[in-house]
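Input: a single structure, listed below in structure tokens.
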Amino acid sequence: MKTLINKAIQSVFVIVAVAFFQSIAAQNDPVRLGFIPLTDCSPIVMAKELGLFKKYGVEVVVTKESSWANVRDKILTGELDGAHCLYSMPFSVYTGVGGKAGSEMMIAMMLNVNGQAVTLSNDFCGKVGFKQMNKVTPVVAAKLKAEKEVTFAMTFPGGTHDLWLRNWMSVAGLNQKAVKIITIPPPQMVANMKVGNMDGYCVGEPWGGVAVKQGIGFTQVASQDIWKDHPEKALVVNKEFSAKRRTDLVKVMKAVMEACKWLDVPSNRKKAAAIIGKAPYVNAPADVIEARLMGDYNLGCNQGVEIYDNDYMLFHKGGMVNYPRKSHAIWAMAQYVRFGYLKEAPNYTAIADKLILDDLYKEVAKSMNVKVPNDDMKPFALTMDKTVFDPSNPAAYLKVVKK
């Protein structure tokens, strides 16, 4: 009997010891963060390049990924601990719009606002001008009559680019069922438009600016024209990582927060453009990245230049950018109902509560003396359609907003 008890104790000891050493090993593993080649991957890339991850005592491996679907799958399996992500992706995936329903991806903090664009092919040049929304539908109708099909591209079902594209169509009065909407990874947009695979697309910079530089398309609106200071990318992390390696996640968030502050200093943007433009990162002309980072938009199609002075791509804005708001999560999910992705309303508040690590963000912000905004869950209006969205009553909004 005594021997059996001793063996049982030894077995328990072995199990505990293995678990302990596995935990220690996991803590010593580098954090793996992914990004998609877009200008707004800058907070993660610059945190690495500026040595900020090391400053906060965490080893981070940064990897370029091929598509948002690839990022989704790697975060869910744990191959990536986190990534630069479309802020609405976790809600799209959880609700089954852009992945297996119930799959949990966690939002730790926001990375940027603004800085995306709707680009139209040169077929529209001279027929539709910058922000001339009333001219879009007649030109598309004529094109449909002549060619039978008009195709627009976005980057992920239920992702931000999808939502800006559909909101743009709504303001223009364009029937979304009359056109084809396809999914294309961001860095492949320009090449696909060049060979005629689409008539327009919505994506983040620099791929709007690159189309202009290459003379294959023009900027019809920037996303900040649709909604000034709209939420865009987030630091999204694996659920298990957020629970088991919380200390490392806090260090990552502090490094990224400092990078966001650095990026909002105008004199640093030229340096950032030169770095992120290199092949291992965005692999695009630094002058195009820099110009749009500075709010200097060559629109293409002989339309001249549009200067954005307080609503270009921003990464911190005194903490206004980085706070992950539940109201923005609810707005995104309401769009899924609005545009027919979901047949009935999800449990908006419960999903936002489940997937947003707002308490962790507040802890990090406090430790860095970053002010946390007090505007969450307050009604807001988009710039272009001016429809007021009350996050406490999405149903009322859905009754009046155009489809």
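Count residues from 1 along the sequence. Only a predicted model underlies this, so the values are computations on that prediction, with no experimental measurement involved.
The line from CE of Met257 to NE2 of His316 is 6.5 Å long, rounded to the nearest 0.5 Å. Annotation: the span from Asn347 atom CG to Ile330 atom CD1 amounts to 9.5 Å, rounded to 0.5 Å. The distance from atom OG1 of Thr387 to atom NZ of Lys402, rounded to the nearest 0.5 Å, is 8.0 Å. One finds the CG atom of Asp123 at 11.5 Å from the CD1 atom of Ile216 (value rounded to the nearest 0.5 Å). Rounded to the nearest 0.5 angstrom, Asn167 CG and Leu382 CG are separated by 6.0 Å. Note that CD of Glu232 is 5.0 Å distant from NE2 of His230, once rounded to the nearest 0.5 Å.
Remark: the backbone N or O of Gly82 is not paired with any side-chain donor or acceptor of Arg32 at under 3.5 angstrom. Side-chain atoms of Asn283 do not come within 3.5 Å of backbone N or O of Lys278 as any donor-acceptor pair. Side chain of Arg292 to main chain of Trp207: no donor-acceptor pair is present (N/O by atom type, distance under 3.5 Å, no hydrogens or angles). Between the side chain of Ser88 and the backbone N or O of Gly158 there is at least one donor-acceptor pair closer than 3.5 Å. Checking side-chain atoms of Asn114 against main-chain N and O of Asp311 turns up a donor-acceptor pair under 3.5 Å. Using modelled atom types, one side-chain atom of Asn122 and one backbone atom of Gly215 make a donor-acceptor pair closer than 3.5 Å. Between the Asp81 side chain and the Asn238 main chain, no donor and acceptor come within less than 3.5 Å of each other. Side chain of His161 to backbone of Phe156: no donor-acceptor contact under 3.5 angstrom is found. Of the possible donor and acceptor atoms, one in the side chain of Gln220 sits under 3.5 Å from a partner among the backbone N and O of Gly129.
Annotation: ring pair (Phe, Tyr, Trp, His ring centres under 6.0 Å) contacts involving residues 241-291, sequence neighbours excluded, comprise Phe35-Tyr281.
Counting heavy atoms from C-beta outward, Val252 and Leu235 have side chains that approach closer than 4.5 Å. For the pair Pro185 and Ile36, the minimum side-chain heavy-atom distance is 4.5 Å or more. No side-chain heavy atom of Ile226 sits less than 4.5 Å from a side-chain heavy atom of Thr383. Between Phe91 and Ile356 the shortest side-chain heavy-atom distance falls below 4.5 Å. Inter-residue side-chain proximity for Met46 and Lys271 is flagged as unmet; no heavy-atom pair is nearer than 4.5 Å. Residues Arg166 and Ile181 form a side-chain contact, since some pair of their non-hydrogen atoms from C-beta on lies under 4.5 Å apart. Taking 4.5 Å as the limit, every side-chain heavy atom of Lys100 sits out of range of all side-chain heavy atoms of Leu76.
More than 12 heavy atoms of other residues, nucleotides or ligands lie within 6.0 Å of NZ in Lys64, so this atom counts as buried by the packing criterion. At most 12 non-hydrogen atoms from other residues, nucleotides or ligands lie less than 6.0 angstrom from NZ of Lys213. More than 12 heavy-atom neighbours from other residues, nucleotides or ligands sit within 6.0 angstrom of NZ on Lys143. Counting heavy-atom neighbours within 6.0 Å of Asn302 CG, excluding the residue itself, gives a total of 12 or less. Sparse packing is recorded around NZ of Lys135, with 12 or fewer heavy atoms of other residues, nucleotides or ligands lying under 6.0 Å away.
A perpendicular orientation is assigned to the rings of Tyr308 and Phe130, their planes being inclined by more than 60° (bins at 30° and 60°).
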Worked check of side chain to side chain donor-acceptor pair (under 3.5 Å) between Asp40 and Gln116:
CA-CA 9 Å; Asp40 50 29; Gln116 323 300 298; 3.1 Å; yes

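Comment: Asp225 engages Lys131 in a salt bridge, judged by a side-chain N to carboxylate O separation of less than 4.0 angstrom. Checked for salt-bridge contact, Arg246 and Glu363 meet the test: a charged N lies under 4.0 Å from a carboxylate O. With salt bridges taken as basic N to acidic carboxylate O contacts below 4.0 Å, none links Asp390 and Lys378.
Side-chain polar atoms of Ser92 and Arg72 form no donor-acceptor pair below 3.5 angstrom.
Ring pair Phe380/His328: centre-to-centre distance below 6.0 Å. Aromatic rings from Phe389 and Trp227 are positioned such that their centres are separated by 6.0 Å or more.
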Hey, can you pull the donor-acceptor pairs under 3.5 Å for the side chains in residues 368-376, sequence neighbours left out?
unit_1: Asp375; atom_1: OD1; unit_2: Arg325; atom_2: NE; d: 2.9
unit_1: Asp375; atom_1: OD1; unit_2: Arg325; atom_2: NH2; d: 3.4
unit_1: Asp375; atom_1: OD2; unit_2: Arg325; atom_2: NE; d: 3.4
unit_1: Asp375; atom_1: OD2; unit_2: Arg325; atom_2: NH2; d: 3.4
unit_1: Asp376; atom_1: OD1; unit_2: Lys326; atom_2: N; d: 3.2
unit_1: Asp376; atom_1: OD1; unit_2: Ser327; atom_2: N; d: 3.0
unit_1: Asp376; atom_1: OD1; unit_2: Ser327; atom_2: OG; d: 2.9
unit_1: Asp376; atom_1: OD2; unit_2: Lys326; atom_2: N; d: 3.0

